[in-house]
Amino acid sequence: GTLDDIRARGFARAAIHNEPPYAFMTPDGTAAGVGPEVMTAVLKRLGVEQIDWVVTPFSTLIPGLKAGRWDVVAAQQSIFPERCQQVNFGNPTSTAAEALLVKAGNPKKLHSYDDIKNDPTAKVAVPTGSVQLKYLKAYGIPDDRIVLFSNHADAPELVLSGRVDAYTIEDAAADLLLRSGRVKGLEVADPFKIPVVDGKEVISYAGATFKKEDTDFVEAFNKELGAFEKTPDFAAIMDKNGLRPISAKRALAMTAAERCAGK
Amino acid sequence: MASDLNVDTSSTLAFLLAVLPLLLKGLQVTVAAALLGFVVAAVAGLFFAVLRRSSSRLITWPLVAFLEFVRDTPLLIQLFFLYYVLPQYGIVLPAFVTGAVAIGLQYSAYTAEIYRAGIEAIAKGQWEASTALNMSRARIYGVVIIPQAIPRVVPALGNCLVGMLKETPILSTISVLEMLNLAVIIGDRTYQYTIPLTIAGILMLVVTSVFSYLIRLVELGLPKRGVPLR
Amino acid sequence: MTDIIEFETVTKSFGALTVLDRFDFRVRQGEKVTLIGPSGSGKSTVLRILMTLEPFEGGNIRIAGQSYHMPDGKGPFRATQAHLFNIRKHVGMLFQQFNLFPHMTVLRNITEAPVSVLGLSKAEARERAMDLLAMVGLSDKATFYPNQLSGGQQQRVAIARALAMRPKVLLFDEPTSALDPELVGEVLNVIRKLAEEHDLTMIMVTHEMRFAREISDRVCFFDKGRIVEEGPPDQLLVRPSHPRTAAFLAAVLGESSRPPLPDDADRQVSRNGPQPHPDTPAQVLGRAGAAA
Amino acid sequence: MTDIIEFETVTKSFGALTVLDRFDFRVRQGEKVTLIGPSGSGKSTVLRILMTLEPFEGGNIRIAGQSYHMPDGKGPFRATQAHLFNIRKHVGMLFQQFNLFPHMTVLRNITEAPVSVLGLSKAEARERAMDLLAMVGLSDKATFYPNQLSGGQQQRVAIARALAMRPKVLLFDEPTSALDPELVGEVLNVIRKLAEEHDLTMIMVTHEMRFAREISDRVCFFDKGRIVEEGPPDQLLVRPSHPRTAAFLAAVLGESSRPPLPDDADRQVSRNGPQPHPDTPAQVLGRAGAAA
Amino acid sequence: MEDMLGYLRYLAVGMKATATVGSISFISAVLIALVVGIVRAQQIPVLKSVAFVYVEIFRGTSLLVQLFWLYYTLPLFGITVAPLTAACLGLALNSGAYGSEIVRGALLAVPKDQLEAATALNLNAAQTLWKITLPQAAVEMVPPFGNLAILVLKDTALVSMISIADVAFKAQELRTFTYDSARIYTVTLLVYFGMALIVMAIGRIAEHYLRPPYLRRRTILLGRA
Ligand SMILES: Nc1ncnc2c1ncn2[C@@H]1O[C@H](COP(=O)(O)OP(=O)(O)OP(=O)(O)O)[C@@H](O)[C@H]1O
Ligand SMILES: Nc1ncnc2c1ncn2[C@@H]1O[C@H](COP(=O)(O)OP(=O)(O)OP(=O)(O)O)[C@@H](O)[C@H]1O
Ligand SMILES: [Mg+2]
Ligand SMILES: [Mg+2]
């Protein structure tokens, strides 16, 4: 299996794409963020000391995994059923609740998906391939008011240029963005009502991604992950990356298998 | 279109059948963007080519610099400026239009060269004969030179159209849902990339082949009488 | 008679090459002048300057009393388009390569400029064109495209096209030298007719010496941008007084020797070929030659 | 003497147009033959077939005893390259447009084929080239590029280039018709020297009638892909027996009338211009004409 | 301004990758183009059909799909090539297909007269190609190959999808950290334009020296070909 290969080789190859605070490459060349830091700790417990990091666009994370270009993806990808058919997920380590970024002052007074739906002039942007699109659709927001973007760095421009009025973002990413002080003229819609789809508040669960056939690797990973989550180091990683305590708490209460089954 | 992104992934065949109609819709966007861009390039290119031949350096110099810059820098980044920076000056064009215009402008740098070559290939004698008949410059261009240049440049313009078809995926950066972008989005949702991308590639091959064939037909259909073929 | 064309100390160069140097030249109204001279001597340049196809640097040119310079003394190529337009009204030109518009029918070739420049109605222009086509003997070709015509026919259309603008001066730059020899005659016939029956001023560059002799009032021999000798054709072509003229005529008539006159039995092998030939072919061809 | 070239019932068409129909033609070794005839009559086609530049459909051609067909009867263009190579050894050709290689110096133009085809050493080829350049009077131009030379010089280089291959037969396709009139002489001088001092077989298409008369052993008049009349030049050019030959000569010699002989005072205005001219210019030119 | 200098420094790593991939790809593309273009212009049996299919496929599908196949799909069939190799191979095959049309066009544009003169001198097909046609065509090929080089330069932006950190990728990375898109893109635009100017200068010099002396311009760098 892949784990044996890694051990034989002496180092693991892991891929991320840039999406702070979940995963990113620091300018000095080390991977940081929730995904890489957890991955480093767990692999260490599995006896793998060294990791080769690859930064690559989101859309190539899984093809590269399948093609054997890397052994594991540490980009904190969301776990949901369609994806489980193609890859294996480690148990979730973080969760994200929805937030909405709007122009400072929230001129259209958008505080929920319902507000977006009910204002026929309101336009909203979502990342391509994301679950948020599904939620917006579930709320009945028409296609012509939804704009897809592929790079998170595009999103502030979309709002600031007036092409959209809001964009969906995960709470932790929004916190980080605003705290960095780099983007002026945006704010998180506050209060914001977490959307409800199929009678449940929507929360996304994210974890490491493995090849479909690497069940033993996943098992070993999950086992060590479970142990690591009980150490203060885990909480420190979450804290350092600005995740709210509720994020990890929710994650620990769920397994990948349950998410894959649609729970 | 975005609403249809829940695709059946239960089997390869089902997946393929679910993906194909989606990509075909994306293909319409691709073709429409390329055609609109082509119109822009064909018109702007001719305009630039004629302007480029002006005897005033005040006109030609900035024009050459502009065309060179447009030609030598990536479309991706030009798109960004057109899409995000123009609104700051109150010009908010829809993404599709912005994209098509940007592609068209970039290609106008090429078509300008094509037209220029076409115009310069016309024997100097045509200019001299027109001048000897006391025709005005505008008239000479409009009645004598350009009508002769167009048939010569049709094949090269056709190649530009095919080139533009293949540039459209860049429009995904400004959220235009063209075919290749759709293929990637489907991949991002399902983590199955090979099938949608390969179908997109094949569809692209089919479309470019069809276009190339159509261009050849146009070429063959050009009047044979009255036009010196090279 | 008045001079319709006056060149006064005209200077013209291409880069470092001075083609015309303080060039003087006058043509009376209705006169038929032929320019002859070696290649590169500046014959075409004179015609092209007259047609405003080339700028010139110094001197002055007047045509039909109008100066090429603007009243404020600015040269013709800093002159406004409107000024040049007025000058070109008087002049028409025939080219070696005909330069018909290949994408227009013969009729359209002739009517285009009268309609768009002179402002004739389409019907008037058409009528004028058909008259001219009849004159050059091509009434039946009005709907043809130039490349469906022989070279001689094309040149005749070009003559009609130039005449449709009713110029006072018509310039011919080797109008038959791009033609197959047996097509030359038909074009010369048309020009001859023009010359004989009309008082159009004509300036012609040609290598058709017999034709030049027959038709011109005056022949000017050019060399290196100057008129070396001029005079009535019977004198200049037959008994040239200047040695360079004589040498040129000998080269053109003796060596190239296009048509043998049917009864010109004595061979005219000229001995003044331009290059010495130090070896004989037999020597040079060597072995293989000997084997042949 | 043996026939070095034999055409037997050769047929050649371009699509629907049959250019040569059961064409017979023979040339003896050392003979100088001139082909004349109207444009499109097939003169160039004969030369181009001989040079293997055009395939032909029927009949047979032999050159220096070698058939263009392979021994199994296959036509020359299904013949192997090796077979064509052997045939081409005997033939050289001069083109109207000279066709020098513009990217090579004069010397390289001449030495290229001897080195790469005949396998001469560079030194040998160079020596041969310099001899030939001396013969055509261009020893000082060896390092020039073709477009630095005048047309006449280029054609003389082309002659040297063809001779460097030591062909038995040399074909000339209007070798002077792309030249300015006063450059024609120098090329004809070289050809004349070749003809006079050497027994190369020469087949020439030319409009230089006097030259043809002077140099040829035989003149063939072509019309519509057939030889209508042939004979010694003094007979065919001066007293043609066939009416079509006479008409052609009248058109070429009478109308185009290139050089007037210095003392040919009586004007030869031919009356058989090909087109009727129904109107006079004065009528057609109308108002503006009258004003001129 | 200081920020922009910082960005430039950050992009420098990407410039190296872009330059490496770009130059290797372009040189390979020229070689491929020459072979394929000659095969097609000379109508070499069998090979010409192969060449035709190659050109149609690589011109007809997009580079993105080709790179994806080379890097992510071929390994599923057991063929794995390194990222740099895959990037160069993809770009070279893609641009080579375009380039072959340049070569073919230039070869066919050599006047038929020249071929006839070569035949009359009994040069064989290979000698004619090598000594007569190709040298004359080469002069005509240089300007379009210069344009192709710039296209290759711009196309290198796609290799980021196979994990090569080129200029475009580095720019995206910067944007995720700083959200300073307008200025980052301005710097990026200038970087590409600068590299294009260098490519153009090289092209002009190549053109100057490939031209036979009698066709050379006096100035190398001024004026378009
Ligand atoms: N556009 C130009 N640029 C540079 N030199 C030129 C140009 N046109 C003509 N010349 C040069 O000017 C000189 C005179 O040229 P011109 O065409 O007037 O000669 P010509 O007497 O008509 O000769 P030909 O009998 O060959 O037509 C020649 O040396 C020619 O090379
Ligand atoms: N490649 C070709 N394709 C089609 N028709 C051709 C081709 N070459 C020659 N012809 C035709 O064959 C006929 C004979 O041509 P050829 O060139 O032998 O005539 P020619 O006697 O040399 O005329 P010219 O004096 O004009 O050179 C002409 O009608 C010509 O149009
Ligand atoms: Mg001239
Ligand atoms: Mg011919």
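Just so we're on the same page: letters track the sequence lines, and every chain starts at 1.
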Within a strict 4.5 Å, meaning less than it, do heavy atoms of the Thr133(E) and Gln114(E) side chains meet? no
Is Phe68(E) close to chain B through its backbone or its side chain, or both, or neither, when contacts mean heavy atoms under 4.5 Å? side chain
Once rounded to the nearest 0.5 Å, what's the spacing between atom CG of Leu93(E) and atom SG of Cys88(E)? 11.0 Å
Parallel, tilted or perpendicular: ring planes of Tyr84(B) versus Phe80(B), cut at 30 and 60 degrees: tilted
Select, from Glu167(B), Met204(B), Lys166(B), the one with the greatest count of heavy-atom pairs under 4.5 Å involving chain E. Lys166(B)
Top contributor to chain E interface from Thr208(B), Leu75(B), Ile77(B) [non-hydrogen pairs under 4.5 Å]: Ile77(B)
With a 4.5 angstrom heavy-atom cut-off, which part of Leu63(E) approaches chain B: side chain, backbone, both or neither? neither
Less than 4.5 Å to any heavy atom of chain E: does that hold for the side chain of Tyr110(B), its backbone, both, or neither? side chain
Are Leu67(B) and Phe48(B) side-chain neighbours, meaning at least one heavy-atom pair lies under 4.5 Å? yes
If you measure from CG on Leu148(E) to OH on Tyr98(E), what distance do you get to the nearest 0.5 Å? 9.5 Å
Report the option among Val184(B), Ile170(B), Leu197(B), Asn159(B) that has the most heavy-atom pairs separated by less than 4.5 Å from atoms of chain E. Leu197(B)
Would you say Leu58(B) has more than 12 foreign heavy atoms packed within less than 6.0 Å of its CG? no
Would you mind checking which part of Leu189(E) comes under 4.5 Å of any heavy atom in chain B, side chain (CB onward), backbone (N, CA, C, O), both or neither? both
Side chain / backbone / both / neither for Tyr72(E) at chain B, heavy atoms under 4.5 Å: neither
